[in-house]
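The structure appears below as structure tokens.
Computed from a prediction, not measured in an experiment: that's the story for all the values here.
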Amino acid sequence: MTDFLTHCRSVVGDAFVFDAPADMAPFLTDWRGRFTGKALAVLRPATVEQVAALVRACAQWRVALVPQGGNTGLVLGSVPDAGGGAVVLSLTRLNAIRQVDPINRTMTVDAGCILQQVQEAAAAEGCLFPLSLAAEGSCTIGGNLSTNAGGTAVLRYGNTRELCLGLEVVTPQGEIWSGLRGLRKDNTGYDLRDLFIGAEGTLGVITGAVLKLYPQPKASITALAALPSPTHALQLLNLMQDHCGSSLTGFELMSNYCLNLVAQQFPSLPKPFAAQHPQYVLMELSSSESEQHAVGLLENAIGAALDRDIVSDAVVAASVAQSAGLWQLREHIPLAQAKAGKNIKHDISLPVSRIADFIAATGPLLEAAFPGCQLVCFGHLGDGNLHYNVAPPDGISNEDFLRNQDKVNRVVHDSVVGFGGSISAEHGIGALKREELAHYKSPVELNMMRAIKAALDPLGIMNPGKIL
């Protein structure tokens, strides 16, 4: 492959083609540190034209490529396999904010822009880009789009798909499709944009996007409620939506085990309640009117919940610092898990009305199959997305327990499907869940997906081994 790499160097420059193991290493290991792949090289283009030239070279030399943004994914979608024949196409040098249009409420950005950079650029123009994730300081817009990322504000604003109006994509043939139109209505045939969003780089390389912006809220108020059960959390969700409507922008469920784990690993974080409770809900209200309006909505709703014995206790943040402290409890759950040891993660979605039944049914199934296992259950209750993670029983090593991953997955995923849910809510399929997808998707769905893949990427060079 000497000729291929020589050509790549002529496109992007010697300094941006990494083929030494030490230089490639940061791009080859997944975020959780569970897998390290191999690559022929890491290519780091700086322009859309360079991306297109590199993809054309990959097609000419029949070299597979793995598009990569911030590499914060959890399903091995952004790292190469162990074969060593693919290149990693890192998009992080494509990081320009191309245009902000406050009147149209849109922003056009490069795919390599860090999510936090996009949020800050929107705020500088008095606007809001509402996508918010724990990894927002390192994940990229291209990766968010390729996985159709969710986050904490889906209840109000939707997934990344709903926040994107147009795309720029380099096809597997190395052509540039520019669909960067900031239109809310464009009914001119197949919606190509939706093909590439959520495709995890298997159909093309997203290089740019037109994103939706919203007015900055006048105030945001956060509260943490303690509850007896997930059923009470669903009752609280209905009550909050009835009282607050679209002002309710976040509604996060956390079990007592989750907050105890955070307290053990991060003892300096706030401890809002003196007593422990089985479940907690973190709520956020945003008001376009005033802080007084938001506080009034929240206090009235919580008062009604207390009167009906839905909520056992509640605290309302009295300052921005207190609000940040409450959100830190939620955001530190994955970090606390990582510090405590490895676990078997599940990113699932269910009809909101079935979540309490799923939790009640699935825990005993896991306990019967794996006595003493620990359930780390938290997530975006308002949109039906749970992070349902299973940690080893006391006295069992991480490595020994991880050998049960396929069996644990089968228990959880069979239950998810039985309750009308999905085995992947916002993390995607990647390589980690590829066989699970084949197990649960119907042959009709899989055949349609394979037909799309074959039509757009006949050489099979785009992120091979991912999804299908």
Side-chain angles (χ1 to χ4, degrees), residues 74-75 130-134 144 147-163 194 197-198 224-225 227 229-255 257-258 278-286 301 305 310 327 330-331 333-334 345-363 365-366 375-390 409 411-429 433 436-437 440-441 445:
L74 299 176
V75 293
L131 182 64
S132 182
L133 316 170
N144 299 150
T147 58
N148 189 28
T152 58
V154 172
L155 175 62
R156 168 65 177 85
Y157 298 102
N159 289 329
T160 311
R161 185 185 303 277
E162 284 73 49
L163 300 176
D194 271 350
I197 297 175
L224 184 67
L227 308 103
S229 71
T231 298
H232 289 82
L234 292 178
Q235 293 171 1
L236 178 62
L237 175 63
N238 281 338
L239 185 150
M240 295 298 299
Q241 289 176 320
D242 286 345
H243 278 71
C244 307
S246 62
S247 294
L248 183 65
T249 53
F251 198 91
E252 301 285 307
L253 180 70
M254 304 173 288
S255 70
Y257 183 84
C258 292
Q279 299 288 333
Y280 302 89
V281 164
L282 182 65
M283 298 173 285
E284 183 175 87
L285 260 67
S286 298
I310 295 173
W327 272 106
R330 163 63 179 86
E331 291 163 354
I333 296 173
K345 294 184 181 293
H346 303 95
D347 162 50
I348 58 175
S349 65
L350 296 142
V352 174
S353 59
R354 306 301 303 279
I355 285 179
D357 294 336
F358 167 83
I359 292 174
T362 310
L365 293 175
L366 287 166
L375 301 181
V376 187
C377 180
F378 64 102
H380 320 301
L381 187 70
D383 57 57
N385 176 193
L386 286 182
H387 301 298
Y388 192 82
N389 304 332
V390 186
N409 287 346
V411 172
V412 174
H413 291 161
D414 279 355
S415 186
V416 167
V417 172
F419 280 96
S422 166
I423 65 169
S424 180
E426 61 180 0
H427 292 165
I429 296 298
K433 295 184 180 179
E436 290 294 282
L437 184 76
Y440 291 105
K441 281 281 188 185
E445 287 179 283

*Could you please spell out the steps behind the side chain to side chain contact (heavy atoms under 4.5 Å, CB included) verdict for Arg330 and His380?*
CA-CA 10 Å; Arg330 163 63 179 86; His380 320 301; 3.1 Å; yes
Nearest 0.5 Å, please: how far is [atom2] in [Y] from [atom1] in [X]?
| X | Y | atom1 | atom2 | answer |
| --- | --- | --- | --- | --- |
| Trp327 | Ser132 | CH2 | OG | 7.0 Å |
| Ser255 | Ile333 | OG | CD1 | 7.0 Å |
| Ile423 | Ser415 | CD1 | OG | 13.5 Å |
| Thr362 | Ile348 | OG1 | CD1 | 7.0 Å |

If you look only at distance, which donor and acceptor atoms sit under 3.5 Å apart when one is on a side chain in residues 153-160 and the other is two or more places apart or in another chain?
from   : atom 1 : to     : atom 2 : distance (Å)
Arg156 : NE     : Ser246 : O      : 3.3
Thr160 : OG1    : Ala149 : N      : 3.3
Thr160 : OG1    : Ala149 : O      : 2.7

*asked:* Go through it in stages, so that I can follow the logic: the residues are Val390 and Val411, the test is side chain to side chain contact (heavy atoms under 4.5 Å, CB included), and I'd like the CA-CA distance, side-chain angles, deciding distance and then a yes or no.
replied: CA-CA 11 Å; Val390 186; Val411 172; over 6 Å; no
Can you name the closest pair of heavy atoms from [X] and [Y] and give their distance?
| X | Y | answer |
| --- | --- | --- |
| Val75 | Ile429 | CB-O, 3.5 Å |
| Leu282 | Met254 | CB-CE, 4.0 Å |
| Cys258 | Val376 | SG-CG1, 3.7 Å |
| Leu234 | Ser353 | CD1-O, 4.2 Å |

Is [Y] close to [X] at the side-chain level, that is, under 4.5 Å between some pair of heavy atoms?
| X | Y | result |
| --- | --- | --- |
| Lys345 | His427 | no |
| Met283 | Leu236 | yes |
| Tyr257 | Cys377 | no |

*Hey, mind stepping through Leu366 and Val412 against side chain to side chain contact (heavy atoms under 4.5 Å, CB included) and telling me if it holds?*
CA-CA 8 Å; Leu366 287 166; Val412 174; 4.0 Å; yes
*asked:* Do His413 and Glu436 pair up side chain to side chain, a donor and an acceptor below 3.5 Å, judged on atom types alone?
replied: yes
*Is there a donor-acceptor pair under 3.5 Å between the side chain of Asp347 and the backbone N or O of Ala425?*
yes
*asked:* I'd like to know if the side chain of Glu426 reaches the main chain of Gly151, judged simply by a donor and an acceptor atom lying under 3.5 Å from each other, with no hydrogens or angles considered.
replied: yes
*Using side chain to side chain donor-acceptor pair (under 3.5 Å) as the criterion, list what pairs up with Tyr388, not counting sequence neighbours.*
none
*Can you spot which of Gln235, Gln241, Met240 makes a side chain to side chain contact (heavy atoms under 4.5 Å, CB included) with Asn238?*
Gln241
_Could you go through Leu237 and Leu248, starting from their C-alpha distance and side-chain angles, then the distance that decides it, and tell me whether this counts as side chain to side chain contact (heavy atoms under 4.5 Å, CB included)?_
CA-CA 9 Å; Leu237 175 63; Leu248 183 65; 4.1 Å; yes
